[in-house]
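First up is the structure itself, then whatever we jot down about it.
No experiment lies behind these values; they were computed from the predicted model shown. We count residues from 1, following the sequence as given.
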Amino acid sequence: MADKVLTVCPYCGSGCQLHLLVDKGQVIGAEPANGRTNEGTLCLKGHYGWDFLNDPQILTARLRKPMIRKNGVMEEVEWNEAIQYTAERLSAIKEKYGPDSIMGTGSARGPGNEANYVMQKFMRAVIGTNNIDHCARVCHGPSVAGLTYSLGDGAMSNSIPEIEHSDLLFVFGYNAPETHPIVARRIVAAKQRGAKIIVCDPRMTETGRIADMWLPLKGGSNMALVNAFGHVLVHEGLYDKRYVEANTEGFAEYVENIKKYTPEYAEGITGVKAADIRAAMREYAKAPTATILYGMGVCQFSQAVDVVKGLASLALLTGNLGKPNVGIGPVRGQNNVQGSCDMGALPNVYPGYQDVIDTAVRKKFEKAWGVELPRKKGYSLTEVPHLILKENKLKAYYIFGEDPVQSDPNAAELREALEKLEFVVVQDIFMNKTALHADVILPSTAWGEHDGVYSSADRGFQRIRKAVEPQGDVKPDWAIISEVATAMGYPMSYANTEEIWDEMRSLSPLFAGASYQKMEEQGGVQWPCPTEDHPGTPYLYKGNQFSTPSGKGRLFACEWRPPQEQPDAQFPLVLSTVREVGHYSVRTMTGNCRALRQLSDEPGFIQISPEDGADLNILDGEIVAISSRRGRIMARAQISDRVQKGATYMTYHWWVGACNELTADFLDPVSKTPELKYCAIRLERIADQAQAERDVHESYQKIRRQMNVQEAVLADKVTR
């Protein structure tokens, strides 16, 4: 009889609880648990995504031993040598160039909140810089900035279970069946209960198929459409006048800024019919309860923060905040991207979203940590290539649980930047494309091999638990970072993750009452949870008390700006990155799960419209060449009637069909989030399909050989 270990799925922000089935020290299966958000259900990744723990080596092997690059070649070493070498190199670079010459990352991909707390503490208290960031920068960074401005908290205002009880769901740039299947179940349940569903998306998504209205806006026109929505609410008198007067500020300026965005004017920009814009807002305004859900189709644009503020304004105008079954929900993609933000793995805030430039806050952390802390905000993750190649400001990079060469835009530029650095540390569980550029590799435990806490997308703290002993000479992430800190002269020692957690919540008023014990008793705790006797907060802004400086919600609208790279004769199509249900992030976890690997494989797909397929003489399933101003790759054509002419879509999980070789690094000016949803490309048919198939196979095998640390000779920090 297998043992059952209760934990939380590591694959998205839904926060689904599950039981890992363990027999003779090995995970053999997973079963759904009755968690708050999943209630006895799991998606494909939840059911089958544990297999990477058994190291089937489908893509690459687990990292089992520390490594140092010696004479251009990675060699296995003992931990003492790896820790000492890392500490000495970081100390020397800090001494020579100053603490701000070093960049560090947190990780939303499995280590847990405690490891992220320790990492940001290491960067601030040991290195002496606020240069700490993580992959929220390339996804929901605009949510944190935009919602904090508008409402006061950069997170979902509502809870995932509330979704199915809302009378209207307004889904903008979000495809739940692919990204959050358990949330998609809530959307379907809402529909079955009689809820109206409105979907804004350039592509016909699965949610769009069951929607009452689908508004197929042109890619990159979000702000114009959101402004038009506001125009309808105001000029048709559909907004809640009493609520706006009592609970918001900035109404007069808002009205002025949306004045020209009539539905007819917006139709010329967005392609959405003026009548449909009006109809959508009439439904939204009259619904007793309405919830906005959005995802990367909002966040991964260079005007993303503005759009988030605009969407929040729609909720404010209609009074859809501060009570059950309403609100605005940025549904976080990766399993702990909310938690990594909660823990202060960001360049502008300490744990609990406390501003690093607030003197009183800084002094509190200085007293607790016993050192003087930096006084200015740090660098963002997406600024790293420019800071290295153009400004020569960064000299070292401590990359913890991230694979930016695979996940970030303009991969060629990022590889060039990593090559220029004097020192690169990679701390991870698998070899990946970024680790090919490392000077030191520090192998860590994975989900299922350590304890801790995750934060779900709806602010829910839940315990993760160790199920099996790790194989090889690996350590928990928080322990590795603590040892490097100690070797650098700042003693850092914790007995377990609960000790780290208690230190964190003693410094974070938002989380102060969220103890391990309370999580055990309740199954989880949603923040804010300010005191030991507080049960947590299912929805924010009760009594319409917002967390802004004035206590009121801030209305916002501004001019629409088109995406920064437009199609032309040379690159006539538009590419948007998307996700698929069977794989996760950079695929080192799901790609090493036997069942999930069967769903799809290299080189991945590019979705194109039937019209573009016919114009280019491309057949479904053929290998095609895709080029942008930054690179060229191959992928398999997928002709789809879900796609509008001129638009294409690719997932970013693949090594050969790596769409981030193509994407642009134009950034939102506030959140520094890249415009991954819009770049210009060229698509070309390959005449010799047999040779194309061979080329794909050979490219795949070459990368796999590089990833296999037992065989690869990683000389000269490969840029190939």
In a check of side chain to side chain contact (heavy atoms under 4.5 Å, CB included) between Phe400 and each of Asp428, Val426, Asn116, which one passes? Asn116
State plainly whether the residues Arg561 and Asp306 are in salt-bridge range, i.e. N to O under 4.0 Å. yes
Partners of Lys377 by side chain to side chain contact (heavy atoms under 4.5 Å, CB included), sequence neighbours excluded? Asn348, Asp355, Val356, Ile357
If you draw a 6.0 Å radius around CD in Glu253, do more than 12 non-hydrogen atoms from other residues or ligands fall strictly inside? no
To the nearest 0.5 Å, what is the distance between CZ on Arg630 and OG1 on Thr663? 7.0 Å
Lys/Arg-Asp/Glu bridge criterion (N-O < 4.0 Å) met for Arg636, Glu693: yes
Please check: side-chain N/O of Thr205 versus main-chain N/O of Asp201, any donor-acceptor pairing under 3.5 Å? no
Looking only at heavy atoms, which two atoms of Ala658 and Gln406 are closest? And how far apart? CB-NE2, 4.3 Å
Less than 4.5 Å apart, side chain to side chain, heavy atoms only: is that true for Arg109 and Ser407? yes
Any side-chain donor near an acceptor of the partner, Ser600 and Glu580, under 3.5 Å: yes
Closest heavy-atom contact between Asp620 and Ile639? OD1-N, 2.8 Å
For Leu147 and Ala312 the tightest heavy-atom approach is CD2-CB, 4.1 Å
Would you call Glu383 and Lys390 a salt bridge, taking side-chain N to carboxylate O under 4.0 Å as the test? no
Let's go through Asp133 and Met103 carefully: what are the C-alpha distance in whole Å and the side-chain angles of both, what is the deciding distance for side chain to side chain contact (heavy atoms under 4.5 Å, CB included) to 0.1 Å, and is it a yes or a no? CA-CA 8 Å; Asp133 204 1; Met103 182 76 191; 3.8 Å; yes
Please report the shortest heavy-atom distance between Ile388 and Lys420, naming the atom on each side. O-NZ, 3.2 Å
Just so I know, are the side chains of Leu59 and Trp655 near enough to count as touching, which here means a heavy-atom distance under 4.5 Å? yes
Classify the ring geometry of Phe229 against Phe170: parallel below 30°, tilted from 30° to 60°, perpendicular beyond 60°. perpendicular
Is Gln303 reaching over with its side chain to a backbone N or O of Glu559, donor-acceptor style, under 3.5 angstrom? yes
Pairwise side-chain contact, Met296 with Arg579, heavy-atom cut-off 4.5 Å (strictly under): yes
With no hydrogens and no angle check, do the side chains of Tyr353 and Asp342 hold a donor and an acceptor under 3.5 Å apart? yes
Report the C-alpha distance between Tyr678 and Val574 in whole Å, list the side-chain angles of each, state the deciding distance to 0.1 Å, and finish with yes or no for side chain to side chain contact (heavy atoms under 4.5 Å, CB included). CA-CA 6 Å; Tyr678 202 101; Val574 171; 3.7 Å; yes
Any residue meeting side chain to side chain contact (heavy atoms under 4.5 Å, CB included) with Asp601, in chain and number order, not counting sequence neighbours: Arg587, Arg597, Trp654, Tyr700
Under 6.0 Å from the six-membered ring centre of Tyr149 and within 45° of its axis: does the NZ or CZ of Lys309 meet both? yes
Name all residues meeting the side chain to side chain contact (heavy atoms under 4.5 Å, CB included) criterion together with Asp612; count only those two or more places apart in sequence or in a different chain, and write none if there are none. Leu573, Ser609, Asp615, Lys645
Kindly indicate whether a cation-pi arrangement holds for Arg203 with Tyr649, taking the cut-offs as under 6.0 Å to the six-membered ring centre and within 45° of the axis. yes
Ser302 versus Glu675, side-chain donor and acceptor atoms under 3.5 Å: yes
